[in-house]
*Asks:* 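Provided herewith is a single structure, encoded as structure tokens, for subsequent inquiry.
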Amino acid sequence: VSTQSTGFACVKAILFFSFWQGVVIAILAYFDVIPSEDNVGWSQNHIARSIQDFIICIEMFLLSVAHSRVFPYSPYQLQTKISITTVSEAFSLTLGDPVSKFGSVVNQKDIIVDLKQTYSPKHYK
């Protein structure tokens, strides 16, 4: 199994499980399997939504573990060890010049280059 297909499966699993669990919970509510608690002010709809929210929280935890395996950080990790002796060195290393960093953030040139490459006729030959 390739990394691309497992990555695709992890992303699609979020949508798949969220949708189908909502359908199952709606069916359970329709057939009154999920009760209402009128004495505490919770309708059947509130309980059904709460159940779905709780299940989504569990799913997100499990899928976040899967995502950390499928999309590792190691390709983006620095290959050289950096020796930092003071806090100011660490601050300057991570932030650098904030003005130039901001310029890199708002620069859209890379998006334009990607769009040109993606939609060029040569890309699909």
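Worth saying up front: this structure is predicted, and the values here are computed from it rather than measured.
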*Asks:* Within the distance-only criterion (no hydrogens, no angle test), does the side chain of H67 pair as donor or acceptor with the backbone N or O of L63 below 3.5 angstrom?
*Replies:*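 Between the backbone of L63 and the side chain of H67 there is a qualifying donor-acceptor contact (under 3.5 Å).
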*Asks:* Give the minimum heavy-atom separation between W42 and S50, together with the two atoms involved.
*Replies:*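 Nearest heavy atoms, W42 then S50: CZ3-OG, 3.6 Å.
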*Asks:* Can you name the nearest heavy-atom pair linking C10 to V70, along with the distance?
*Replies:*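 It is SG-CG2, 3.7 Å.
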*Asks:* Do I51 and V24 sit in the same hydrophobic cluster, where Ile, Leu, Val, Met, Phe, Trp and Tyr count as joined when their side-chain heavy atoms come under 4.5 Å apart?
*Replies:*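 Linked within one cluster.
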*Asks:* In Å and rounded to the nearest 0.5 Å, what is the CD1 to CG distance from I25 to N45?
*Replies:*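 I25 atom CD1 to N45 atom CG measures 11.5 Å (nearest 0.5 Å).
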*Asks:* In this structure, would I27 and I47 fall into the same cluster of hydrophobic residues linked by side-chain contacts under 4.5 Å?
*Replies:*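 Yes, same cluster.
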*Asks:* Would you say T118's side chain and L115's backbone share a donor-acceptor pair under 3.5 angstrom?
*Replies:*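 Absent.
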*Asks:* Taking V23 as the starting point, is it possible to reach F16 by hopping between hydrophobic residues whose side chains are less than 4.5 Å apart?
*Replies:*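 As far as the 4.5 Å side-chain criterion goes, V23 and F16 are connected within one cluster.
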*Asks:* Indicate if L28 and F31 have the same hydrophobic cluster label, given that clusters are the connected sets of ILVMFWY residues with side-chain heavy-atom separations under 4.5 angstrom.
*Replies:*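 Result: yes, single cluster for both.
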*Asks:* Kindly determine whether I112 and K109 satisfy side chain to side chain contact (heavy atoms under 4.5 Å, CB included), including the steps that lead there.
*Replies:* CA-CA 5 Å; I112 294 169; K109 185 176 180 180; 5.7 Å; no
*Asks:* Members other than F61 in its cluster, when Ile, Leu, Val, Met, Phe, Trp, Tyr link by side-chain heavy atoms under 4.5 Å?
*Replies:*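 Via sub-4.5 Å side-chain contacts, F61 links to F54, I58, L62, V65.
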*Asks:* What's the separation between atom CD1 in I56 and atom CD1 in I14, rounded to the nearest 0.5 Å?
*Replies:*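 Here the rounded value is 10.5 Å.
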*Asks:* Keeping to residues at least two apart or across chains, list the side-chain hydrogen bond (donor to acceptor under 3.5 Å, both in side chains) pairs with something in residues 10-19.
*Replies:*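 Residue pairs with at least one partner in residues 10-19: there are none.
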*Asks:* Would you mind reporting whether E37 and H46 have side-chain heavy atoms less than 4.5 Å apart?
*Replies:*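 Not in contact.
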*Asks:* Are the side chains of Q108 and I111 in touch, meaning some heavy atoms are under 4.5 Å apart?
*Replies:*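 Side-chain contact under 4.5 Å: yes.
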*Asks:* With sequence neighbours excluded, give me every side-chain hydrogen bond (donor to acceptor under 3.5 Å, both in side chains) pair touching residues 26-35.
*Replies:*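 Sorted pair list: D32-Q44.
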*Asks:* Going from CD on Q52 to CD1 on I34, what distance comes out if it is rounded to the nearest 0.5 angstrom?
*Replies:*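 Reported value, rounded in 0.5 Å steps: 9.5 Å.
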